[in-house]
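Please read the structure below before turning to the comments.
So you know, we letter chains A, B, ... as the sequences are listed, proteins then strands, and number each from 1.
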Amino acid sequence: MEAIVERVLFEAMERLRADGKIPAEVRPSVVIERPKRDEFGDFGCALPLALGKATRRNPAECGKELMAAIQAPEGLFQAVTFAPPGYLNFKVAPAAWFERMRDVTTLPASGAGERVLLEFVSANPTGPLHVGHGRGAVLGDSVARLMRATGYAVETEYYVNDVGNQMAMMGLSLHCRGREILGSSDGSDFPENGYRGQYVRDVAAEFVATEAGRAACLKAYEDLGARDDNPCTHFAEERLLAVIRGTLRSGDIEFDHWTNERSLYASGAVERTTDILLQRDNAYRDEAGSILFRMEGKADEDDRVMVRASGVPTYFAADIAYHDDKARRGFTRLINIWGADHHGYIPRMKASLEAMGHNPAMLQVLLVQMVTLTRGGVAVPMGKRSGEFVTLQEVLDEVGRDAVRFLFLLRKADAQMEFDLDLAKSQTMDNPVYYVQYGHARVASILRKAAGLGIAVPGFSEALRESLTLPEEQSLIKDVARFAGVVESAARRCEPHHIAFYLTDLVKGFHGYYTRNKHTEKVISSDPAKTAARLFLVSRVQSVLAAGLRLLGVSAPEEMRLAADDDTA
RNA sequence: GCGCCCGUGGCUCAAUGGACAGAGCAUCGGACUUCGGAUCCGACGGUUGGGGGUUCGAGUCCCUCCGGGCGCGCCA
């Protein structure tokens with residue numbers, strides 16, 4: 001609906017331009033907003049203010065001219081008014097609102113033509129995913145759903161850093177724990193920067209239970225071959241990646257592609273990009289023999305090492321090759337979701353894309369801020385050094401996928417958030433996810449009852465509107481009609497939290513409608529016309545709730561089931 | 001020291017530069033007495049951390065200070 005109003009207003013402006021009343025160089029954007037006060041109507045626009053400023057004329061005059069130039073489709077507006085100092089307000093006719101009920105879940109293909117690679121999680125296989133990874137995972141998955149729903153061609157990808165010091169340290173840690181289990185170490189030789197979590201002992205136990213693992217642990221670590229392909233590293237990677245995949249599956253998060261850093265070396269891509277950057281003088285060799293990427297003049301940053309003097313490339317060299325590869329694969333847009341602690345890496349990544357001949361603006365990085373877990377109002381300690389942290393799997397197991405996803409998506413990503421385990425777990429209406437799901441289940445229950453009585457839910461017809469006269473019904477129609485616009489905006493901005501807020505808002509309207517009228521104006525009544533119209537309306541509410549929840553990856557249950565109450569057992 | 005993010009009712013958080021800053025929770029008061037079941041309504045609560053600036057208009061943009069978080073590796 002916003003889009004329609006926007007077009008009408010834009011055309012009015014162009015008409016004035018054709019009449020010479022607006023100079024060619026004056027091109028204000030037409031921004032349609034929802035006024036905060038009902039008396040201003042359904043939509044408002046400050047265009048007269050912008051025009052007045054740009055043409056140094058009285059905004060009121062501009063407003064009057066715009067109003068006169070508006071040629072809206074017959075019956076669209078009930079009223080168009082000018083409000084000082086320079087707003088145009090639109091009240092959409094009830095019939096026009098109701099017309100939107102014809103098809104509530106078909107979305108505009110506003111992203112058509114864009115090919116997007118969305119890379120997220122990409123956690124190293126050096127341990128289980130933690131809660132912070134979970135936030136990025138849920139965000140990425142939902143952004144993918146949103147963008148696909150609005151016409152973007154999106155592919156999702158997990159980049160596995162299976163090369164380098166961190167994986168080598170993982171292998172060494174595994175080797176030490178394996179030797180402890182076999183009795184050939186008392187743990188005193190465990191590396192200072194090793195991975196100390198219990199999970200390493202668990203994987204080590206599996207490792208030494210195999211013949212090859214036992215043999216590997218009985219040999220000196222130095223004799224196990226190059227660090228990037230020794231059996232300890234490989235086993236750890238394989239097992240931990242399996243754990244990560246399992247956790248992602250628990251969260252209903254899927255990837256189209258899994259790309260290994262190793263493959264970029266195997267294909268020669270890392271070497272090739274390094275050579276190209278050297279040739280173009282975007283990189284140079286220093287006295288020690290290291291190859292550095294030039295950051296001079298860019299973002300006030302130091303040059304960054306791509307290849308060590310030893311000849312071993314850094315993760316940065318591989319990342320350059322990786323992003324160059326992404327761009328070569330034909331994507332028009334690259335979206336990366338990173339933990340906020342990686343923000344300092346963005347200028348380097350953009351500079352390297354540019355150096356490789358790509359438009360750096362094609363890369364968009366969404367930063368996800370930290371999550372603090374709380375239980376009973378107090379923060380749950382997360383000692384990263386000790387390896388003692390709550391895993392994403394544990395949280396998923398404890399509070400469930402739906403609560404994890406919805407609560408993560410109820411916050412915008414670039415602000416730190418608190419995740420209250422008690423609230424997430426509670427099966428009451430204090431918990432926003434249950435509140436929304438209950439609305440869906442409640443409609444389902446009504447529809448079941450209607451079906452039991454042999455009453456069918458009608459398809460759209462204009463006549464249904466005549467029976468929907470309650471203020472709550474008018475309001476619900478508008479809320480349902482807003483859905484497509486909310487999704488379009490959320491997708492464009494990569495901000496799923498707008499969906500979560502919208503759904504909460506919509507379902508609140510439904511619960512209010514239901515409760516206030518449950519004794520006087522029931523959905524199913526002895527009045528066939530009202531019954532049909534109301535069944536139609538609530539089923540549309542349900543469709544939108546289901547579609548919205550689907551975009552968040554949250555289930556839309558047909559009925560609410562309480563978890564077993566332990567006290568009554 | 002430099003860089004990025006954040007600071008909004010008691011708490012958790014919304015608010016594409018637009019009109020009198022909104023929800024939820026908590027608190028207080030009311031409605032409903034139900035498997036169409038977990039619902040609803042109202043009240044209280046704010047100088048948007050402080051101070052300057054830009055703008056017709058600032059929670060939003062700029063400067064500065066205060067406070068919190070995270071970075072500033074030849075780790076990834």
- Message: Does anything in residues 123-139 of chain A form a salt bridge (charged side-chain N to carboxylate O under 4.0 Å, His left out)? List the pairs, not counting sequence neighbours.
- Response: none

- Query: Would you say the base of B:C74 and the side-chain of A:Ser290 have a donor-acceptor pair closer than 3.5 Å?
  - Reply: yes

- Message: B:C40, OP1 or OP2 - any side-chain N/O from A:Tyr435 closer than 4.0 Å?
- Response: yes

- Message: Please determine whether any donor N or O and acceptor N or O are separated by less than 3.5 Å between the side chain of A:Asn89 and the base of B:A19.
- Response: yes

- Task: Please work out if A:Met306 contacts a base, only the sugar-phosphate, or nothing of the nucleic acid, heavy-atom cut-off 4.0 Å.
- Result: nothing

- Salt-bridge contact A:Lys326-A:Glu119 (side-chain N to carboxylate O under 4.0 Å): yes

- Query: Looking across every strand, which nucleic acid part, if any, lies under 4.0 Å from A:Gly44 by heavy atom: base, sugar-phosphate, or nothing?
  - Reply: base

- Does a side-chain N or O from A:Tyr345 land closer than 4.0 Å to OP1 or OP2 of B:C4, or not? no

- Message: Does B:A38 have OP1 or OP2 under 4.0 Å away from a side-chain N or O of A:Tyr438?
- Response: yes

- Query: How about A:Phe419 and A:Phe408: are their ring centroids closer than 6.0 Å?
  - Reply: yes

- Task: Answer yes if the side chains of A:Thr273 and A:Asp324 hold a donor-acceptor pair under 3.5 Å, and no otherwise.
- Result: no

- Task: Look at A:Arg482 together with A:Asp505 and state whether they make a salt bridge at an N to O cut-off of under 4.0 Å.
- Result: yes

- Residue A:Arg308, side-chain heavy atoms: nucleotide from B:C70, B:C75, B:U16 that is nearest: B:C75

- Base of B:A19 and ring of A:Phe40 stacked, centres under 5.5 Å, planes under 30°: yes

- So, is A:Tyr434 near the phosphate of B:G24, with a side-chain N or O under 4.0 Å from OP1 or OP2? no

- Taking only the side-chain heavy atoms of A:Ile446 (C-beta and beyond), determine which of B:A14, B:G36, B:G18 contains the nearest atom. B:G36

- Could you tell me whether the side chain of A:Gln369 has a donor or acceptor atom within less than 3.5 Å of a complementary atom in the base of B:C5? no

- Task: Using a heavy-atom cut-off of under 4.0 Å over every strand shown, decide if A:Leu453 touches base, sugar-phosphate, or nothing.
- Result: nothing

- Task: Please report, rounded to the nearest Å, how far the C1' atom of B:G24 is from the CG atom of A:Leu423.
- Result: 10 Å

- Query: Are A:Tyr87 and B:G18 stacked, counting the six-membered base ring, centres under 5.5 Å, planes under 30°?
  - Reply: no

- With a 4.0 Å cut-off on heavy atoms, is A:Lys522 in touch with a base, just the backbone sugar-phosphate, or nothing at all? base

- Query: Over how many whole Å does the gap from A:Leu410 atom CG to B:G24 atom P extend?
  - Reply: 12 Å

- Note on the structure: Looking only at B:C56, B:G36, B:A14, the nucleotide nearest the A:Phe501 side chain is B:A14

- Nearest-neighbour nucleotide for the A:Ala415 side chain, B:A14, B:U55, B:C74 considered: B:A14

- Item | Under-4.0 Å side-chain N/O to phosphate OP1/OP2 contact, A:Lys53 with B:C56 | no

- Task: Check the distance between B:C40's P and A:Lys508's NZ and give it to me in whole angstrom.
- Result: 8 Å

- In terms of side-chain geometry, is the basic nitrogen of A:Glu521 or A:Arg534 positioned less than 4.0 Å from the acidic oxygen of its partner? yes

- Query: Any donor-acceptor pair under 3.5 Å joining the side chain of A:His343 to the base of B:G3?
  - Reply: yes

- Message: Side-chain N or O of A:Asn165 versus OP1/OP2 of B:C75: is the shortest distance under 4.0 Å?
- Response: yes

- Message: Does A:His497 contact B:A14 through a side-chain donor or acceptor facing the base, at a distance under 3.5 Å?
- Response: no

- Of the candidates B:C74, B:A23, B:G18, the side chain of A:Ala46 sits closest to B:G18

- Message: Does B:U39 have OP1 or OP2 under 4.0 Å away from a side-chain N or O of A:Arg442?
- Response: no

